[in-house]
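Reviewing the structure listed below.
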Amino acid sequence: MVEKAQELLVTLQEPDAIMEADILSRLRAYIGCKGAPQTAVETLAASYQGHAEVCNVLLDWMGLVGMDKEEREGLVVNHVKDSVLAHYDAKLTRNLFASGSSTPEWVMFMIGQPVWRDLFYKLSDSYAECLLVNFAIRNISDAPECSRELKSLKKSAAHNFGVFSQILSTHITALLAAPDPLIAPAFDEFITLATQSENTPPNPAAAMLFARLDQEMLLAMSPERQAMFRKLTALLSGVLLYPSLASALLSMFKSETPATTPGDIIRIHKVYTGSNPPPLSLIRDSQLVDLLLADLFVPSKLVSPKHRTRYLAVLALIAAGKDDRVPGYAPAGSASLGTEAVPAVQRALRELQNLLLAKPFGPALDAAYPELVAKASVHPMAGAGLIAYVEAALTMPEFFSTNGHDTRTYLSLLNSMATAHPSLAPRLLATYQRLFFVSAALVDLDAVSFHNQLMDCIAFLLAVGHAQPVLALIHEWCVSSRVDKALVRHFLLVAIQIVSPPFSPDFASALADIMRINSFADYTATTLSASDSLATRGLSNLAASTRAADRPRVVSSTVASSADSLLSAELVDALVATIVGIAAACPLSDATKSMINALFDIPILSERAADLDLSLVFHGDEPRTVRVVVGARLGSDDDDDDDDDVQHMDDTE
């Protein structure tokens, strides 16, 4: 402690240390390490040199000789900006956003001033990876009044996709609103943003964004309108420069039920194995990929063996081919594709398909499990093929009657794909949604078991980073009452064992809303007797799952929505940590605070909080609302708050 106090004393000896923004924190830390207050005062007085006041005096003198105030302030600001640009060190700003610390007031002040925003714009060109600069640019981009300023951020926008999308949105809005006389200048600004100069291809982010917009709009349309939309897209995309490819693509999607034919795939394969292949972006279409996956992996749609090789080759090229060209902008001499990774992906797809052609189930599927996972883990496209097969198998009308309701291994395969390929999480979530509502033929007990397993899988997606879409889906199901409350409680019990604080404000708020809507506090209070404790119950650490050693099984239904489901010290600890994390993460509504307080009124939870030395501190408007504090105060930004707002455990009823 003496060494720490000496280190802090050295910081107080820096020139004009008393002018530093964090001087109060330094003083508290120094005195907290048994440093003498008198020594701190004397050191600060001795280190004061008054550079800032000297500058103010000089500015006053300049006013006496006739220079107006605005000119004087501009001189100082420009000098400071030039000094920052000349000596900026991004490494020194890393600690500004340390865990638990709030954003410095001076940063928000600078973001609110046009003259200092200009400094951030200039820094963004040279320090695109700097956390402080990115934080400032993102906050500026969220302000509608700054949209005109951001139009000039060509270079920094290319580095920051979030900012780029904001600027792009502004330009598109301007294009839609521009009258005929102004449409040409608006297009010029838009093209400048996309291309940076007339000799360079479009920003890859712009190309990706428009490809995504095109496909999202297509999927949102009714089937009868999709064919017409595809024709319009073909006119604008550049695919008509390759007549054979255009003919094949339009042929597959000409009806309301798109489908491939061997002739179409042969033409696509021939075009891309020729001497001047088109850009791969023309066939990187989500609907085409789904059609190919169905033709290769859905048992009821398998393509003829004699055409299978070309189907696999096209799918592997879509998945692993390397091509940065954009239609209409391919420079001369760059017509070759990067196909180095394609053979390995094609081989994995072929070997996976060969394993699945046997339609293994029961013991045969268990035996094939390790090899299936290994082949599907080679590339996300192989994983997507396995997902397509599992969904098709579980939705076959005869599956549950012929396979004895053996769903666990199939769902374990899906969990394995979430682990191997987190990018497939959106596809998996969509699959789980479809599976959830196609099991109407099951009798009640079978349906509950299957739905519990699906909830396990949905919760498992939290572990691979797909948190907000998962919580949004569960929230929608809660609000619409499409899913029984017991199933949502099952999801919550599994989820709290997967996640751990600190939580982002959005995540904490979404999870708290689901708990509140589902009356989770009432369920927990009923399950855990208010008069008992962990010790008197003699609870054991029950296994939360029954995973086989060689593969990631789905979470066991032993964690079920019953009285026994909370009788696990491990689960109770996870629940306490989750509640504390939610309270500390974001401002909460009064209803949610009441729910959390009700949970902490349960003696078992309060006792476990005491044992774990955790504290319940709500993050909200000042003064803080604090219900129960045990040991250290978790989530508080200021350890010196008045104790008047703190109700200690010993004072609770």
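Quick note: numbers below take in every heavy atom, side chains included, and nothing from hydrogens, waters or symmetry partners.
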| query | Just checking, is any N or O donor in the side chain of T261 or D264 under 3.5 Å from an acceptor N or O on the other one? | reply | yes

| Flag, side chain of S247 to backbone of P243, donor-acceptor distance under 3.5 Å | no

| query | Below 4.5 Å, heavy atoms only, C-beta onward: do L349 and Y311 meet side chain to side chain? | reply | no

| request: Show your reasoning for whether ring pair (Phe, Tyr, Trp, His ring centres under 6.0 Å) applies to F437 and W477. | output: CA-CA 12 Å; F437 296 105; W477 284 352; 5.7 Å; yes

| Test log, rule salt bridge (charged side-chain N to carboxylate O under 4.0 Å, His left out), inputs D323 and R284 | CA-CA 11 Å; D323 184 12; R284 281 182 168 154; over 6 Å; no

| said: Which heavy atom of G383 sits nearest to which heavy atom of M417, and what is that distance? | reply: CA-SD, 3.5 Å

| query | Would you say H269's side chain and A313's backbone share a donor-acceptor pair under 3.5 angstrom? | reply | no

| field | Derivation and outcome, side-chain hydrogen bond (donor to acceptor under 3.5 Å, both in side chains), residues D506 and S509 | value | CA-CA 5 Å; D506 289 342; S509 177; over 6 Å; no

| message | side-chain hydrogen bond (donor to acceptor under 3.5 Å, both in side chains) for R434 and T395? Distances and angles first, verdict last. | response | CA-CA 9 Å; R434 290 189 292 270; T395 52; over 6 Å; no

| said: On a heavy-atom basis, which atom in A495 and which in A459 lie closest, and how many Å separate them? | reply: N-CB, 4.3 Å

| For R308, does the CZ atom have more than 12 heavy-atom neighbours from other residues, nucleotides or ligands under 6.0 Å away? | yes

| query | Is the backbone N or O of P279 less than 3.5 Å from a side-chain atom of Y272, with the two atoms forming a donor-acceptor pair by type? | reply | yes

| Any Lys/Arg nitrogen of D82 or K122 sitting under 4.0 Å from an Asp/Glu carboxylate oxygen of the other? | no

| Within 6.0 angstrom of K81 NZ, more than 12 heavy atoms from elsewhere | yes

